[in-house]
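Worth saying up front: this structure is predicted, and the values here are computed from it rather than measured. To find a chain, count down the sequence lines: A is the first, B the second, and so on, and within it residues start at 1.
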Protein chains: 2
Amino acid sequence: MKKTIFVFSALIIALLFLFKLGKYAYFSGDISMEIGIAVIALVFFFIGIYINKKALQKKKSESPAVDVKKIEQLGISKREYEVLVEISKGLSNKEIAHTLFVSESTIKTHVSNLLVKLDAKRRTQAIQRAIDLQILSV
Amino acid sequence: MKKTIFVFSALIIALLFLFKLGKYAYFSGDISMEIGIAVIALVFFFIGIYINKKALQKKKSESPAVDVKKIEQLGISKREYEVLVEISKGLSNKEIAHTLFVSESTIKTHVSNLLVKLDAKRRTQAIQRAIDLQILSV
DNA sequence: ATGGTTTTGGTACTTTAGTATGAGCTTCGA
DNA sequence: TCGAAGCTCATACTAAAGTACCAAAACCAT
């Protein structure tokens, strides 16, 4: 929002500046005035593109980020989240146990807790829920 | 590409038209000329936004589409793909059997075939592979 | 119509996944 | 320092998931 205000302020200033240019052009005849108008048009044309691009960049960078707040809200611990990530990669409990250097029993405990906290019956459903909740970066 | 050419042609026409407007404004004094310039600036400002938005829409609609060719290349049949979609929703074999009105045995057969064709050991891995291959719309 | 593919289904079996319960250990804030 | 919370692990189950192999319809193109 602050940036939007700043950009529009800059726009107004640019507009006023172009008014001055327009006046100078006014004294120097038709042809240079047409060039001046063309310059003004092009400048604002690219300003429009620039602002639009900036606005869309924000939207993009907002969506695929992992929502840390929701992880806390769901009461998911760091270790449980690590397990969740490995699940989403398609690993089995045994494989996850190896990559995290713990026993398979531990992983099973974490998975069971995850299923409760994510309100899922299976690990595949947990993946879907996590994606919906923007907890996992797809 | 055709659209781009068309848009730029329209831009040039609009520019010529605004030159005429500029000349009329030239005869009616300073104030109306400033307004004319402002109008020109605003018009091109929004034209820039519009063109940029159109260009980005194309990019977006290109990426998240399901790649039908790859499905064929992998030898995945329609029915098998249906099962794949249900798997990605987090359903169990029994649930998939109900939604597709067949027996659980049939689903197991489809799943086994899918795992081979997707080179996966588990259904969770199959989901990941399918997403990587752009076979599933995330 | 005949052969290839798809879809369907079954049996029998092995392997993962998931639940329930209990328990020892660490960490960290009140 | 005391308890709550998190991490760890085990046992003993039940329930899904997955494999292997077979086989009968259905569908589709030559």
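For the atom pair CG of Leu133(B) and CD of Gln128(B), the computed distance is 10.5 Å after rounding to the nearest 0.5 Å. The CG atom of Leu91(A) lies 10.0 Å from the CD1 atom of Ile107(A); values are rounded to the nearest 0.5 Å. In this structure, OG in Ser103(B) is found 10.0 Å from NE2 in His98(B), a value given to the nearest 0.5 Å.
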Tabulated below should be each protein N or O lying under 3.5 Å from an N or O of nucleotides 25-30 of chain D; please produce it.
none

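Contacts of residues 114-131 of chain B with DNA chain C (heavy atom under 4.0 Å): Arg122(B). Using a 4.0 Å cutoff on non-hydrogen atoms, the parts of residues 85-105 of chain A near DNA chain D are Val102(A), Ser103(A), Ser105(A), ordered by number.
If one axis is set at each end of the helix from dA1(C)-dT30(D) to dA30(C)-dT1(D) from five pairs, those axes are 60° apart, to 10°.
Comparing Asn113(B) and Lys108(B), the nucleotide of DNA chain C nearest to each residue sits closer to the 5' end for Asn113(B).
Distance, Ile76(A) CD1 to dC7(D) P: 12 Å, rounded to whole Å. Residue His110(B) contributes atom NE2, which lies 15 Å from atom P of dT19(D) at whole-angstrom precision. Note: CZ (Arg79(A)) to C1' (dA5(D)) measures 16 Å, nearest angstrom.
Every pair passing salt bridge (Lys or Arg N to Asp or Glu O under 4.0 Å) that includes a residue from residues 115-128 of chain A is listed here, sequence neighbours excluded: Glu80(A)-Lys117(A), Arg122(A)-Glu95(B).
A side-chain contact (heavy atoms from CB on, under 4.5 Å) with Ser88(A) is found for one member of Val83(A), Ile135(A), Leu136(A), Ile131(A) and no other, namely Leu136(A). Partner Arg79(B) forms a side-chain contact (heavy atoms from CB on, under 4.5 Å) with one of Asn113(B), Leu84(B), Val102(B), Thr106(B) and no other, that one being Val102(B).
Applying the salt bridge (Lys or Arg N to Asp or Glu O under 4.0 Å) rule to Lys89(B) yields the partners Glu86(B); only residues at least two apart in sequence or on another chain are considered. The salt bridge (Lys or Arg N to Asp or Glu O under 4.0 Å) check on Arg129(B) picks up nothing, with sequence neighbours excluded. Partners of Thr109(B) under the side-chain hydrogen bond (donor to acceptor under 3.5 Å, both in side chains) rule, at least two apart in sequence or in another chain, do not exist in this structure. Applying the salt bridge (Lys or Arg N to Asp or Glu O under 4.0 Å) criterion to Lys108(B), with sequence neighbours excluded, gives no partner residue. Partners of Ser112(B) according to the side chain to side chain contact (heavy atoms under 4.5 Å, CB included) rule, which considers only residues two or more places apart in sequence or in another chain, do not exist here. Checked against salt bridge (Lys or Arg N to Asp or Glu O under 4.0 Å), Glu104(B) has no partners two or more places apart in sequence or in another chain.
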Under 3.5 Å, side-chain donor or acceptor atoms of residues 68-76 of chain A against the rest of the protein: list the pairs with distances, not counting sequence neighbours.
none

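Contact between the side-chain N/O atoms of Thr106(B) and the OP1/OP2 oxygens of dG9(C) is found at a separation under 4.0 Å. The side chain of Ser77(A) places an N or O atom within less than 4.0 Å of a non-bridging phosphate oxygen (OP1 or OP2) of dC7(D). Applying the 4.0 Å criterion to OP1 and OP2 of dT19(C), one finds that Ser112(A) has a side-chain N or O inside that range.
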